[in-house]
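A quick write-up on the structure given underneath.
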Amino acid sequence: MIWIISDTHFNHKNIIEYESRPFQDVQTMNAAMIKNWNSIVNPNDIVIHLGDVGLGNESQLKEIIPQLNGVKILIRGNHDRKSDSFFLDCGFAKIYRTLMITVDGKKIYLSHTPESRPGDGEKYDLHMFGHVHTKGNYPDFCHNGACVCVERWNYAPINLKALIKMCEENTTIEERI
């Protein structure tokens, strides 16, 4: 299975207040997101993280990332400023700026920001992105795709095939509950 997620911001104290995350502190937030992730992702699943993994030094992220099930792929976000080797050493299998994949005949463009576009006018069916959290004028589904920030998806990865289906049906949050 393929899962998708963005903007976990592990170890980021200020994100709790900035996004009104329902956690009393960083330790509680980290533990909840690890638990949520591992409750649905199996060790052999693929998880594509659309950036802003977390803050902290290598030892702090090396403590968290290996606890997360799945083969992890990182699409760099604006807070992911460390080297590729840093993220590889933390447990990511591959690192990209953007990525185009095909799932069930649909071309899916993956990036950190909603404004990002593939080069040379390359065509795609859906665009999955993060970065905006709950701010701005971005609904869950827009730009022929979806925002996969953790605040919008119960602090857990989303099954990519299910997300594609929701995009096709333009399902709203209220309809998913």
Side-chain angles (χ1 to χ4, degrees), residues 1-101 103 108-114 116 127-135 140 145-164:
M1 245 183 231
I2 301 174
W3 301 87
I4 190 166
I5 191 170
S6 80
D7 296 278
T8 47
H9 286 263
F10 289 109
N11 297 323
H12 189 178
K13 179 183 174 189
N14 291 338
I15 198 74
I16 296 170
E17 183 178 336
Y18 179 71
E19 279 299 322
S20 301
R21 288 187 175 185
F23 308 108
Q24 64 186 17
D25 55 38
V26 165
Q27 293 76 21
T28 305
M29 177 180 72
N30 289 352
M33 288 193 296
I34 292 167
K35 180 181 176 188
N36 291 352
W37 181 305
N38 290 338
S39 72
I40 57 175
V41 176
N42 292 313
N44 293 323
D45 289 348
I46 295 170
V47 181
I48 304 171
H49 195 300
L50 299 188
D52 289 1
V53 175
L55 302 182
N57 60 37
E58 187 170 346
S59 66
Q60 291 170 314
L61 287 178
K62 272 188 173 179
E63 189 177 310
I64 292 172
I65 304 305
Q67 292 182 60
L68 302 170
N69 285 344
V71 176
K72 296 166 285 291
I73 296 169
L74 175 62
I75 308 299
R76 284 179 171 277
N78 55 298
H79 288 284
D80 303 320
R81 296 183 189 118
K82 295 184 175 16
S83 69
D84 285 358
S85 61
F86 171 87
F87 288 108
L88 291 169
D89 288 345
C90 286
F92 284 93
K94 301 236 182 210
I95 294 96
Y96 299 95
R97 293 271 173 215
T98 63
L99 184 63
M100 187 82 73
I101 62 174
V103 177
I108 314 295
Y109 179 61
L110 306 170
S111 69
H112 181 63
T113 64
S116 178
H127 179 195
M128 306 303 177
F129 59 89
H131 184 63
V132 295
H133 297 269
T134 59
K135 307 295 184 210
D140 287 352
C147 178
V148 298
C149 293
V150 296
E151 295 89 1
R152 296 170 186 244
W153 300 93
N154 200 31
Y155 302 93
I158 310 118
N159 179 284
L160 185 54
K161 285 188 178 188
L163 184 61
I164 291 167

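Owing to the predicted nature of the structure, the values given are computational and were not obtained by experimental measurement. In what follows, residues are counted from 1 in the order of the sequence shown.
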Donor-acceptor under 3.5 Å ([X] side chain, [Y] main chain):
X: E19; Y: T134; answer: yes
X: H133; Y: K135; answer: no
X: N11; Y: L61; answer: no
X: N42; Y: N69; answer: no

Walk me through it: do I75 and I48 pass the test side chain to side chain contact (heavy atoms under 4.5 Å, CB included)?
-> CA-CA 7 Å; I75 308 299; I48 304 171; 3.9 Å; yes
Note, [X] side chain near [Y] side chain (heavy atom, < 4.5 Å):
X: V26; Y: H12; value: no
X: R21; Y: Y155; value: yes
X: Q67; Y: K35; value: no

When you look at CE of M100, are more than 12 heavy atoms from neighbouring residues, nucleotides or ligands closer to it than 6.0 Å?
-> yes
Tell me the closest heavy-atom pair linking [X] and [Y], and the distance in Å.
X: K72; Y: L68; value: NZ-O, 2.8 Å
X: D80; Y: G54; value: OD1-N, 4.5 Å
X: T98; Y: Y109; value: CG2-OH, 3.2 Å
X: D25; Y: I16; value: C-CD1, 3.5 Å
X: V41; Y: P157; value: CG2-CG, 3.9 Å
X: S116; Y: S111; value: CB-OG, 3.4 Å

With sequence neighbours left out, write down each residue that passes salt bridge (charged side-chain N to carboxylate O under 4.0 Å, His left out) with K161, or none if nothing qualifies.
-> D104
Salt bridge (charged side-chain N to carboxylate O under 4.0 Å, His left out) partners of E63, counting only residues at least two apart | none
Between H112 and H79, does the ring centre distance come in under 6.0 Å?
-> no
Taking the six-membered ring for Trp, are F129 and H131 ring centroids under 6.0 Å apart?
-> no
Roughly how far, to the nearest 0.5 Å, is the [atom2] atom of [Y] from the [atom1] atom of [X]?
X: M29; Y: K13; atom1: CE; atom2: NZ; value: 11.5 Å
X: I164; Y: L160; atom1: CD1; atom2: CG; value: 4.0 Å
X: N30; Y: T8; atom1: CG; atom2: OG1; value: 8.5 Å
X: L88; Y: K82; atom1: CG; atom2: NZ; value: 14.5 Å
X: M1; Y: D45; atom1: CE; atom2: CG; value: 6.5 Å
X: W3; Y: L163; atom1: CH2; atom2: CG; value: 11.0 Å

Start with the C-alpha gap between F92 and I65, add the side-chain angles, then the distance that decides, and say whether side chain to side chain contact (heavy atoms under 4.5 Å, CB included) holds.
-> CA-CA 8 Å; F92 284 93; I65 304 305; 4.1 Å; yes
NZ or CZ of K94 within 45° of F87 ring axis and under 6.0 Å = no
Salt bridge D52-R76, side-chain N to carboxylate O under 4.0 Å | no
Just do the side chain to side chain contact (heavy atoms under 4.5 Å, CB included) check on H49 and I73 with the steps written out, would you?
-> CA-CA 6 Å; H49 195 300; I73 296 169; over 6 Å; no
What do the steps show when you test I4 against L110 for side chain to side chain contact (heavy atoms under 4.5 Å, CB included), and what is the final call?
-> CA-CA 10 Å; I4 190 166; L110 306 170; 3.6 Å; yes
